[in-house]
Amino acid sequence: MIEKKTYQAIVGFKDLQDKGKIYRKGDTFPKPGNKKVEKERLEELLSTENKLGKPVIKEI
């Protein structure tokens, strides 16, 4: 069985790859929860390799 990971925004940000969707600190990522997100995109948001230069989500 594949375990689906859950993520939470740790800072507010605008997802430029999802029509500018706004995430506030504490929001679950992605919205809606069943939305498919590429592994590379998750890695980008979990690291400093994004436009903000800092992680914006964390695994919960």
Side-chain angles (χ1 to χ4, degrees):
M1 182 171 163
I2 297 175
E3 183 180 331
K4 183 166 174 18
K5 296 182 179 184
T6 306
Y7 300 91
Q8 182 178 52
I10 54 177
V11 297
F13 71 99
K14 182 189 291 188
D15 191 346
L16 301 175
Q17 292 187 16
D18 189 14
K19 302 176 186 140
K21 191 172 285 177
I22 301 291
Y23 289 89
R24 291 179 173 79
K25 184 177 179 180
D27 287 352
T28 56
F29 179 89
K31 292 184 208 172
N34 62 351
K35 183 178 178 100
K36 300 276 188 234
V37 179
E38 296 293 325
K39 181 181 178 191
E40 292 79 19
R41 179 62 172 156
L42 289 172
E43 289 172 357
E44 178 182 347
L45 296 174
L46 287 164
S47 73
T48 59
E49 300 299 315
N50 57 60
K51 287 193 175 192
L52 289 178
K54 62 184 177 184
V56 295
I57 63 171
K58 68 176 180 179
E59 187 176 341
I60 54 172

In a check of side-chain contact (heavy atoms from CB on, under 4.5 Å) between F29 and each of D18, T6, L42, which one passes? L42

For V37 and P30 the tightest heavy-atom approach is CG2-CG, 3.6 Å

Using a 4.5 Å cut-off on heavy atoms from C-beta on, say whether the side chain of F13 contacts that of I57. yes

Kindly indicate whether the side chain of K14, heavy atoms from C-beta on, has any atom under 4.5 Å from the side chain of I22. yes

Counterpart residues, side-chain contact (heavy atoms from CB on, under 4.5 Å), relative to K58 (two or more places apart): Q8, I10, I60

Residue pairs fulfilling side chain to side chain donor-acceptor pair (under 3.5 Å) with at least one residue in residues 45-56, sequence neighbours excluded: none

4.5 Å side-chain heavy-atom contact, E38 and Q17: no

Contact between K31 and D15 at the side-chain level, heavy atoms closer than 4.5 Å - yes or no? no

Would you check, one step at a time, whether the test side-chain contact (heavy atoms from CB on, under 4.5 Å) holds for K21 with D27? CA-CA 12 Å; K21 191 172 285 177; D27 287 352; over 6 Å; no

Shortest non-hydrogen contact from Y23 to A9? CB-CB, 4.2 Å

Within the 4.5 Å heavy-atom criterion, are L46 and Y7 side-chain neighbours or not? yes

